[in-house]
A.B. asks: 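Handing you a structure now.
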Amino acid sequence: MRKKTVLGVRLSRAGVPMKKATPGTGPVIIKKYANRRLYNTETSSYITLDHLAAMTREGRDFKVIDAKTEEDITHNVLTQIIMEEEQRGQTMLPVNFLRQLIALYGDSMQAMVPGYLEASMDSFRRNQEQFKSAVEGAFAHSPFAEIAKRNIAMFEAAANAFKPGAGGVEAAPAAAAPAAESGDDDVAALKAELARLQDKIEKLGK
């Protein structure tokens, strides 16, 4: 039975005005149709995977359902978003990691992998600000300060490469590296700054 409307206000079968969901509360329901179009029921508009990626970065929860079967296909859509991001050139998933992940499918440890990966990512997110501070502090007052700021996203993605025990150059003096005047000076200054960065990361891990 179609719900009645009075002056544009939707009414329930009992004639009581229906409350519209307040934006920003609860997960947004996204419907996916057979033509692969995505429909945002909150904004009553069609959206793209880029919109969903932006919502994810903003911390907005959403649930994608098949418009015909009402099956929850959020996992499939999120996986598709990752594939789209990876194909844009700036990959974040190392080949060796992907190989190991594929090898675990069908393995006796497969059931433990989702929980382990989720806990690891949660831990990384909690320490993200500390990693950012360490990176920015390591390059402070150096010729590479501006470069560090522009590439902070890259350092976040590669932060685990500087985990404790990883090999690196020898510790640099406490004083900041002098401004580079030649090619050799540039290399020496860069090594010094990377050593300071690794030292800070190792201290955070203790």
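Atoms considered below: every heavy atom in the structure, side chains included; atoms not considered: hydrogens, waters and symmetry mates.
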A.B. asks: Quick one: list whatever passes side-chain contact (heavy atoms from CB on, under 4.5 Å) with Thr41, sequence neighbours left out.
C.D. replies: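 side-chain contact (heavy atoms from CB on, under 4.5 Å) list for Thr41, sorted by chain: Ile29, Lys31, Tyr39.
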A.B. asks: Tell me whether Leu98 is reachable from Tyr116 by hopping between hydrophobic residues (I, L, V, M, F, W, Y) whose side-chain heavy atoms are closer than 4.5 Å.
C.D. replies: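 Same cluster.
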A.B. asks: What's the separation between atom CZ in Arg36 and atom CG in Leu49, rounded to the nearest 0.5 Å?
C.D. replies: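 One gets 10.5 Å once the value is rounded to the nearest 0.5 Å.
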A.B. asks: Do you know the tightest heavy-atom contact between Phe62 and Leu78?
C.D. replies: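 Minimum heavy-atom contact is CZ-CD2, 3.7 Å.
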A.B. asks: Name the one of Ile30, Asp72, Val28 that satisfies side-chain contact (heavy atoms from CB on, under 4.5 Å) with Val64?
C.D. replies: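 For Val64, the side-chain contact (heavy atoms from CB on, under 4.5 Å) check succeeds only for Ile30.
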A.B. asks: Compare every heavy atom of Glu85 with every heavy atom of Ala53, then report the nearest pair and how far apart it is.
C.D. replies: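 So the minimum-distance heavy-atom pair works out to CB-OE2, 4.1 Å.
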A.B. asks: Heavy-atom count check: over 12 atoms from other residues, nucleotides or ligands less than 6.0 Å from Glu118 CD?
C.D. replies: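 Open.
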A.B. asks: Ile73 and Ile47: same hydrophobic cluster, using ILVMFWY side-chain contacts below 4.5 Å?
C.D. replies: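 Yes, same cluster.
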A.B. asks: Report the residues that fulfil side-chain contact (heavy atoms from CB on, under 4.5 Å) with Gln100, sequence neighbours left out, ordered by chain and then residue number.
C.D. replies: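 Expected list: Asn96.
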A.B. asks: Hey, does the side chain of Thr56 reach the backbone of Leu52 with a donor-acceptor pair shorter than 3.5 angstrom?
C.D. replies: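 Looks like yes, one N/O pair under 3.5 Å.
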A.B. asks: Could you grab the distance from atom CG of Leu38 to atom NE2 of His51, nearest 0.5 Å is fine?
C.D. replies: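 Those atoms lie 10.5 Å apart.
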A.B. asks: Would you say Leu93 and Ile82 make side-chain contact, with heavy atoms under 4.5 Å?
C.D. replies: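 Side chain of Leu93 against side chain of Ile82, heavy atoms only: contact under 4.5 Å found.
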A.B. asks: Check whether Thr91 reaches the backbone of Glu86 with its side chain - one donor and one acceptor, N or O, closer than 3.5 Å.
C.D. replies: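 Not confirmed, Thr91 side chain does not pair with Glu86 backbone.
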A.B. asks: Indicate yes or no for a side-chain donor-acceptor contact from Gln80 to the backbone of Asn76 under 3.5 Å, with no hydrogens or angles considered.
C.D. replies: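 Here the side-chain-to-backbone pair does not exist.
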A.B. asks: Treating Ile, Leu, Val, Met, Phe, Trp and Tyr as nodes and any side-chain heavy-atom pair under 4.5 angstrom as an edge, say whether Val77 and Met83 lie in one connected cluster.
C.D. replies: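 No; tracing contacts between hydrophobic side chains, which count when under 4.5 Å, never links both residues.
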A.B. asks: Quick one: list whatever passes side-chain contact (heavy atoms from CB on, under 4.5 Å) with Asp50, sequence neighbours left out.
C.D. replies: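 Counting only residues at least two positions away or on another chain, Asp50 forms a side-chain contact (heavy atoms from CB on, under 4.5 Å) with Thr48, Arg88.
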A.B. asks: Just so I know, are the side chains of Leu117 and Leu101 near enough to count as touching, which here means a heavy-atom distance under 4.5 Å?
C.D. replies: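 Touching, per the 4.5 Å side-chain cut-off.
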